[in-house]
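Accompanying notes for the structure given below.
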Amino acid sequence: MSLTKIEDLPTVYDAKETEESIYKFWEENEFFKADAKSPKKPYSIVIPPPNVTGVLHMGHALDETLQDILVRYHRMSGYETLWVPGTDHAGLATQNVVEKQLMKEGLTRNDLGREKFLERTWKWTNDHKSAILDQMKRLGASFDRSRERFTFDKGCSEAVKEVFVTLYNKGLIYKGAYIVNWCPRCQSAISDVETEYETEQGHLWEISYPLKGESGAIIVATTRPETIFGDVAIAVHPSDHKYSELIGKTVVIPLTGREIPIIADEYVDKTFGTGAVKITPAHDPNDFEVGKRHGFNPIWVIDEKGCMKACGEVPSNLHGLDRYEARKQIIKMLEDNHSLLRVKEHEHNVGKCQRCGTTIEPLLSEQWFVKMKPLAEEAIKAVKDGRIKFIPERWEKNYLGWMENIRDWCISRQIWWGHQIPAYYHKTTGEMVVAKENPDPENYVQETDCLDTWFSSGLWPFSTMGFPNAETDDYKKFYPTSTLVTGFDIIFFWVARMITMGLEFTGKAPFSTVYIHGLIRDEKGQKMSKSKGNTIDPVVIIDKYGCDALRFTMTSLCTYGGQDIKISDERFEYGRNFANKIWNASRFVLMNLDGVDNNDIDFSNLTIADKWILDKLNSVAKEVNTNIENYRIGETAHTLYDFFWNSYCDWYVEIAKVQLQDSSLKLNTQRVLRYVLDMSLRLLHPIMPHITERVWQLIPKQTEFKAIMLADYPVFKNSLEFPAEAREMELVFETIKSLRNVRQSFNIPMSLNFNIIIHASADEKPVFEAIENYIKRMARVEGISYAEVSDVPAKKSATAVVSASKIVIPLENLIDFNAEIARQEKKLNKLQTERKSLEGRVNNPKFAANAPAELIKQTKERIDEILVQENAINDFIATLKA
RNA sequence: GGGUGUUUAGCUCAGUUGGUAGAGCGUCUCCCUUACAAGGAGAGGGUCGGGGGUUCAAGUCCCUCAACACCCACCA
């Protein structure tokens, strides 16, 4: 890196310039590359692969930042760290994109045919495959691009085939006809988790089915009258007296006249609708079960496009009609026929395709399923026995609840873009073979269905490490992975399946911790979505505020409970301002390091301020390590912000300005300034990688590290503990603060330096003497003299009680003495209130009996302290009034 | 119907073994004090959703009610 002259550094931090050059510096030096042969202990994360069709959004920004923080922290903490990047082929999503392109050309995928369509989709994919990962570079992501993977690459295909064939051979994958969620737009089955329910205002139609051969009818309530042609029976509850006479009789379907029986089934709810249900096994999951129980053959009346089927069961005028159009027509026909008795408003939930929002059609069809129950057992156990831990813990319950009631997973999709199911059918006999390769391409054709895209993502933690080959260096070194970072919205889609598959195929939990963070929402708490137009583009934020500002702001908003995060554009000013603070404080330090040597701090020549900041830094290092280890990332950000801004900048740097004037202290002060800056930057680096690297490269020092990202992460050290001095510094702060308060209260201009008299207690006097220079400079004090605590303070003075001492500021005619009396009385009041409350406690015998001795001691000490201060204030007031 | 989360300063939210509340922004004063006005100094502001309980002591634990958000299930 080129070392810019300190004096040339701009006074405003230039994020753009910094981020570009710094990221390039890391990449060119291959600092992100992990070494599978390293003797260091491993830490690994696999990225939740973003869709190839995806564009970087705030959710990624948060997810990737958190991963990068963990990765950078562990890298600096001595782990051989690997972060595997990659993308997901996103079956349906990608297919839709390419189909849309074709549509513009007036083509459909069928015009091209499977092979040509795949060729085209591959081309599109190859053009876009890495775009989103390139965008993630803007986030500072330190993933190892040399290991970039794709869920549809060769290795992943191998893994998919291995897993599919094995599960099939174990009887855990089966093919069968079941009701699935069918998306008429995507023209494919989708899984249960891909179906989202929305409450809609609909209707409940009551339709009369006349009895065959006698008068009377049974009235059935339905929300979907268009399915009546697929009815195979009317069901009533066996114990429903209303209908007991009718069970076993035959009714006639209105409009077509087909005859169906009335049956009894426990499934029916006597209290809902009319208590009689039409049974349509081909188009309703519950009806399918009922139909199966009673041995009915399903009748299809709606096709894959959501249109009425052109079959004998459906009146010919409805053939090919869209389901909703057909519904209208049927209502009319039923009305004309006097079969429609009543229409009621009815609120109900309607399933929608997660991807396109189309109302799903429950459709009986032949699909492939994974038998989940047996697989789930181990996945439940692994979480229960702690092999896998969820952070925050409450998601465990969520996960377990789902796993314990898991249903089979429909994995086949009627699409072309994806892992084609490795099943082969004999061209003439139809015999099916499931195998990794076609046993005989002459005579066998492959199953046309593809797998759910989550099938391959479910293998991600080990397919990226070389599986099915368990002997690769990466697999041996980095599998199982350490932490999985993701949002709660894909626990079922992805996390649960990785756990299941990982345990089944590698015998190990694919990761030990699942760190679940909240979702990013807009300032009103609404989900961000393109359709709502409330999205915030991370790239825009980075351009405007800088990547580190984005990262810091988001990180600071993360809570341990994983609450959702509300953001708005202006929020990022927080991070930007902090970055600028770091920049300017660093500039100050760098500008004041002239003549400094390469030696470490001389511990025999430390001032109490030096000791205080070192002690503080030390405890911050301890806290930060603990917090990161425990996924308290937000607290980490707050701790570092507070330390750097409030302790280092506001106090230590100001004090250092005093010490730098003293030739006996200058050199060591420079070393302390440099050391604390260095360590602060290291502590901050995982959260704000660019600015810390940039500044760190400018610090003149001897170090074996080429970059801050490779430097040791600061940890707690006994040698940096100075508890006594840290406490003494409180006197400095209190003194200066109260003097500033006096100045403000009486509008004394900064230009006017006043003298003070310190009525110091015996044990505090030496401390005051040691800190005289700080007080003088930071509170603008001209001269300091001393008196006994017991001495009567001068008249016409403002006063401040600090600890056991009092500070008197003779101000002659400068202040309004009535105002000063009021000020003192207010303070007195506050103290008295506190004392009374404390005394009440101490005088309570139960408190004395039950409270810890240490607390009782502290309380008593505080009371004594207050009494001393109260007396002092009373003295002042008396003097003023005299 | 089942479950989870939220309710703390004007706004957005922190607050890990129970010991009388914090930050950022905003507000009010003052200040361009040679790192930083994206800054510095000072100030004001809360009966921690309501009610009850346990305890010497509750924002923190228990019960209950209310409002809001989300998840799961899905009765035609």
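Hydrogens, waters and symmetry mates are skipped; everything else that's a heavy atom, side chains included, is used. In the text below, chain A, chain B and the rest are named by the order of the sequence lines, each starting its count at 1.
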Practice task
Using the P atom on both, measure B/C28 against B/A67 and round to a whole Å.
Solution key: 38 Å
Fill in the blank from the handout: Rounded to whole Å, the CG-C1' distance (A/Leu519 to B/U4) equals 15 Å
Problem - Atom-pair distance (CG on A/Leu752; P on B/C31), nearest Å - result: 14 Å
Exercise for the section: Check whether any side-chain N or O of A/Lys581 sits under 4.0 Å from OP1 or OP2 of B/A35, and answer yes or no. Expected result: no
Practice task
Counting heavy atoms from C-beta on, name the nucleotide in B/A35, B/A76, B/G19 closest to the side chain of A/Met591.
Solution key: B/A35
Handout entry: Exceeds 12 heavy-atom contacts within 6.0 angstrom, atom CZ of A/Arg293
Key = yes
Exercise for the section: Tell me whether the centres of the aromatic rings in A/Tyr641 and A/Tyr574 are closer together than 6.0 Å. Expected result: yes
Practice task
Report yes or no: do A/Asp14 and A/Thr18 form a side-chain donor-acceptor pair below 3.5 Å?
Solution key: no
Completion exercise
Of the candidates B/C56, B/U4, B/C74, the side chain of A/Asn844 sits closest to B/C56
Problem - Who pairs with B/A35 - Watson-Crick or G-U, where each distance is under 3.5 Å - result: none
Exercise for the section: Answer yes or no: side-chain N or O of A/Asn580 and base N or O of B/C36 forming a donor-acceptor pair under 3.5 Å. Expected result: no
Exercise for the section: Say whether A/Asn646 and A/Trp651, considering side chains only, have a donor N or O and an acceptor N or O under 3.5 Å apart. Expected result: no
Handout entry: N/O (side chain, A/Lys826) to phosphate O (OP1/OP2, B/G44) under 4.0 Å
Key = yes
Practice task
Please determine if a side-chain N or O atom of A/Asn577 lies less than 4.0 Å away from the OP1 or OP2 oxygen of B/G39.
Solution key: yes
Problem - Same-atom distance (P) from B/C13 to B/G19, integer angstrom - result: 25 Å
Exercise for the section: Would you indicate, yes or no, if B/C56 has its OP1 or OP2 atom less than 4.0 angstrom from a side-chain nitrogen or oxygen of A/Asn850? Expected result: yes
Fill in the blank from the handout: Against the side chain of A/Arg632, the closest entry in B/A35, B/U16, B/A14 is B/U16
Exercise for the section: Measure the distance from OH on A/Tyr560 to C1' on B/G15 and round it to the nearest whole Å. Expected result: 14 Å
Fill in the blank from the handout: Picking from B/G19, B/A35, B/G3, the nucleotide nearest the side-chain atoms of A/Ala585 would be B/A35
Handout entry: OP1 or OP2 of B/A41 under 4.0 Å from side-chain N/O of A/Asn741
Key = no
Practice task
For A/Asp408 and A/Tyr178, test the side chains for any donor-to-acceptor distance below 3.5 angstrom and give the result as yes or no.
Solution key: no
Exercise for the section: Between B/G24, B/A76, B/C36, spot the one nearest the side chain of A/Arg587, thanks. Expected result: B/C36
Exercise for the section: Please measure how far the P atom in B/C11 lies from the corresponding atom in B/C30, and state the result in whole Å. Expected result: 27 Å
Completion exercise
Contacts of A/Ile736 and A/Trp395 projected onto RNA chain B by closest heavy atom; the upstream (5') one is A/Trp395
Handout entry: For atom CZ of A/Arg224 and atom P of B/C74, their distance in whole Å
Key = 16 Å
Exercise for the section: Please determine, for B/A67, whether a Watson-Crick or G-U wobble partner exists with both distances under 3.5 Å, and give it or none. Expected result: B/U6
Practice task
Identify the residue among A/Asn625, A/Val624, A/Asn630 that makes a side chain to side chain contact (heavy atoms under 4.5 Å, CB included) with A/Thr636.
Solution key: A/Val624
Handout entry: Aromatic ring proximity, centroids under 6.0 angstrom, A/His346 and A/Phe272
Key = yes
Practice task
Please state whether the phosphate of B/U34, meaning OP1 or OP2, lies under 4.0 angstrom from any side-chain nitrogen or oxygen of A/Lys657.
Solution key: no
Handout entry: Integer angstrom distance from the C1' of B/A76 to that of B/U64
Key = 37 Å
Handout entry: B/A76 phosphate, OP1 or OP2, under 4.0 Å from A/His346 side-chain N/O
Key = yes
Problem - Closest nucleotide among B/A76, B/U16, B/C56 to the A/Thr222 side chain - result: B/A76
Practice task
Between A/Lys846 and A/Lys737, name the one whose nearest nucleotide on RNA chain B is closer to the 5' end.
Solution key: A/Lys737
Handout entry: Paired nucleotide for B/A41 [Watson-Crick or G-U wobble; both distances under 3.5 Å]
Key = B/U29
Completion exercise
Whole-Å distance, A/Met750 CE to B/U29 C1', equals 14 Å
Exercise for the section: Round to a whole Å and report the spacing from CD of A/Glu570 to P of B/C25. Expected result: 13 Å
Exercise for the section: Would you mind telling me which of B/A76, B/U33, B/A35 lies closest to the side-chain atoms of A/Val653? Expected result: B/A35
Problem - Nearest listed nucleotide, side chain of A/Arg780, among B/A35, B/U33, B/A76 - result: B/U33
Exercise for the section: Round to the nearest Å and state the distance from A/Asn646 atom CG to B/G22 atom P. Expected result: 14 Å
Practice task
Could you tell me whether A/Tyr13 and A/Trp583 have their ring centroids closer than 6.0 angstrom?
Solution key: yes
Problem - Phosphate contact (B/G40 OP1 or OP2) by A/Trp645 side-chain N/O below 4.0 Å - result: yes
Problem - A/Gln563 vs B/U6: side-chain N/O to OP1/OP2 distance below 4.0 Å - result: yes
Fill in the blank from the handout: Pairing partner of B/G1, by Watson-Crick or G-U wobble and under 3.5 Å for both distances, is B/C72
Problem - Per A/Val277 side chain, nearest of listed nucleotides B/G3, B/A35, B/A76 - result: B/A76
Problem - A/Asn398 side-chain proximity, nearest of B/G19, B/C71, B/A38 - result: B/C71
Handout entry: Check: B/A41 base within 3.5 Å donor-acceptor of A/Arg740 side chain
Key = no
Practice task
Assign A/Arg576 to base, sugar-phosphate, or nothing according to its heavy-atom contacts below 4.0 angstrom with the strands shown.
Solution key: base
Problem - Nearest-angstrom distance, P atom, B/G39 to B/G26 - result: 9 Å
Handout entry: C1' atoms of B/G42 and B/U47, separation to the nearest Å
Key = 28 Å
Problem - Phosphate-side-chain proximity, A/Arg407 and B/C74, N/O vs OP1/OP2 below 4.0 Å - result: yes
Handout entry: A/Glu573 (side chain) and B/A38 (base): donor-acceptor pair under 3.5 Å
Key = no
Handout entry: Interatomic distance at P, B/C65 relative to B/G2, whole Å
Key = 12 Å
Exercise for the section: Quote, to the nearest angstrom, the P distance that separates B/G53 from B/G10. Expected result: 29 Å
Exercise for the section: Give one of base, sugar-phosphate or nothing for A/Pro852, where a contact means two heavy atoms less than 4.0 Å apart. Expected result: base
Practice task
Check whether more than 12 heavy atoms from other residues, nucleotides or ligands sit under 6.0 Å from atom NZ of A/Lys826, and answer yes or no.
Solution key: no
Practice task
For A/Asp650 and B/A35, give me the distance from atom CG to atom P, rounded to whole Å.
Solution key: 14 Å
